Amino acid sequence: MKTRMPGRLVKRAFFEDAAERVAPRLLGKLLVRRTGTGAIAGRIVEVEAYLGPHHQTPDRAAHSHRGPTPRNEVIFGPPGHAYVYAIYGRYFCMNITCEPEGRAGCVLLRALEPVTGLEQMTENRGLTPAGARRAGIGGLPPVAHPPARTRDGWGTGEDAGGEVRAMEKFRRALTSGPGRLCQALEITRAADNGVDLLDARSALQVRDDGFRARRALVTARIGIRHAAELPLRFCIEDHGCVSGPRKMRGRVVAVR
DNA sequence: AGGCCGATCCTCT
DNA sequence: GAGGATCGGCCTA
């Protein structure tokens with residue numbers, strides 16, 4: 001079965017640059033998983049840049065900080081590939097490699113806006129009873145089932161029973177967070193670490209459907225101890241699917 | 001060989 | 001807002 005993939009593949013040159021420049025430009029691009037039965041896709045709305053040891057600014061939070069090891073070698077390889085690592089024994093996080101081959105630097109994907117395959121994401125995340133068993137979590141959904149998509153948006157268009165708010169909450173729960181988005185798109189280290197995201201044959205791809213984020217909110221990165229003050233987190237301002245605290249100190253910049 | 005701890009998520013107070 | 005789950009990588013002895 002031939003799965004229809006949205007938009008077009010991003011070019012290699014896009015990632016052949018410093019992570020802190022690639023990161024904001026990545027906002028609005030699509031991360032697409034091809035499955036046996038169709039596509040699962042989300043729009044990138046929150047990212048963080050991690051800098052390689054060659055960089056002028058030392059970044060002790062970066063996995064590449066101490067040089068290449070078997071775990072992080074993909075970061076030192078060619079740009080546009082997936083660096084997937086396991087964290088806290090239960091979750092995976094996904095990065096996209098940047099910089100020319102031989103230099104380190106990558107962008108962590110922290111949140112997506114669900115676009116395609118929401119039912120599959122729901123199951124993958126354990127927000128249905130069957131999925132909960134598969135995902136190995138409790139599986140208490142924000143709402144029992146995702147309300148139907150209408151022409152005007154989610155739910156009925158009115159928010160009579162708080163249905164729109166419930167849908168917001170549900171969408172957030174699907175892909176808002178680096179571990180969550182990997183679970184929703186079935187991303188694992190075993191299957192996806194080192195995959196070329198810019199190859200039409202890959203099961204995981206970064207694509208461009210023409211959406212442009214004109215501005216980005218820049219803040220400190222989340223959940224790190226070292227180099228915690230560097231302004232290397234970028235998100236689409238006020239987007240409902242961004243992870244973390246609702247309001248974070250930062251400044252708005254134009255995306256070149 | 002052993003210990004520490006993390007670019008997280010979920011649950012309960 | 002705090003604590004537990006859970007395990008591989010990396011550092012120290």
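In what follows, chains are A, B, ... by sequence order, proteins preceding strands, each numbered from 1. Nothing here was measured: the structure is a model prediction, and the numbers come from that model. Just so it is clear, the values below take in all heavy atoms, side chains as well, and ignore hydrogens, waters and symmetry mates.
Across all strands, A/Gly89 comes closer than 4.0 Å to base atoms (heavy-atom distances). Within 4.0 Å of A/Arg221, counting heavy atoms only, lies no atom of the nucleic acid at all. A/Ala86 comes within 4.0 angstrom of no nucleic acid atom, judged by non-hydrogen atoms across all strands.
Regarding contacts with the backbone of B/dC5, every side-chain N or O of A/Arg225 stays at 4.0 angstrom or more from both OP1 and OP2. At least one side-chain nitrogen or oxygen of A/Thr69 sits closer than 4.0 Å to the OP1 or OP2 atom of C/dC10. For A/Arg180 and B/dC10, the shortest distance from a side-chain N or O to OP1 or OP2 is below 4.0 Å. Remark: A/Arg110 is not in phosphate contact with B/dC9, judged by side-chain N or O atoms under 4.0 Å from OP1 or OP2. Not one side-chain nitrogen or oxygen of A/Arg125 sits closer than 4.0 Å to the OP1 or OP2 atom of B/dC9.
Comparing C/dG4 with B/dC4, their P atoms are spaced 16 Å from each other, to the whole Å. C/dG1 and B/dA7 are spaced 23 Å apart, taking the P atom of each and rounding to whole Å.
Classification of A/Asp238 and A/Arg215 as a salt-bridged pair fails, no side-chain N sitting under 4.0 Å from a carboxylate O. Checked for salt-bridge contact, A/Arg43 and A/Asp209 meet the test: a charged N lies under 4.0 Å from a carboxylate O. Classification of A/Arg201 and A/Asp196 as a salt-bridged pair fails, no side-chain N sitting under 4.0 Å from a carboxylate O.
For A/Arg90, whose side chain is taken as the heavy atoms from C-beta onward, the closest listed nucleotide among B/dA7, C/dA5, C/dG9 is C/dA5. Taking only side-chain atoms of A/Tyr91, from C-beta outward, the nucleotide of B/dA7, B/dC10, C/dC11 with the closest atom is B/dC10.
Nucleotide B/dC9 holds its P atom 9 Å from the CD atom of A/Gln183, rounded to whole Å. Between the CZ atom of A/Arg233 and the P atom of B/dT8 there is a distance of 11 Å, given to the nearest Å. Here B/dC10 presents its P atom at 11 Å from CG of A/Leu174, a figure rounded to the nearest Å. Rounding to whole angstrom units, NE2 of residue A/His226 and P of C/dC11 are separated by 11 Å. Taking atom CZ on A/Arg172 and atom C1' on B/dC9, their separation rounds to 13 Å, with Å as the unit. The interatomic distance linking A/Tyr85 (OH) with B/dA7 (C1') rounds to 3 Å, in whole Å. Distance, A/His65 NE2 to B/dC5 P: 18 Å, rounded to whole Å. The OH atom of A/Tyr88 sits 14 Å away from the C1' atom of C/dG9 (whole-angstrom rounding).
A/Arg233 is linked by a side chain to side chain donor-acceptor pair (under 3.5 Å) to A/Glu46, A/Thr219, counting only residues two or more places apart in sequence or in another chain.
A/His65 and A/Tyr50 are not linked by any side-chain donor-acceptor pair at a separation below 3.5 angstrom, with hydrogens and angles left out of the test.
With a cut-off of 3.5 Å on both pairing distances, B/dA7 has no Watson-Crick or G-U wobble partner at all. C/dT6 is unpaired under the Watson-Crick or G-U wobble criterion, no partner having all donor-acceptor distances under 3.5 Å.
A distance of 10.5 Å separates OG of A/Ser64 from CZ of A/Arg71, quoted to the nearest 0.5 Å.
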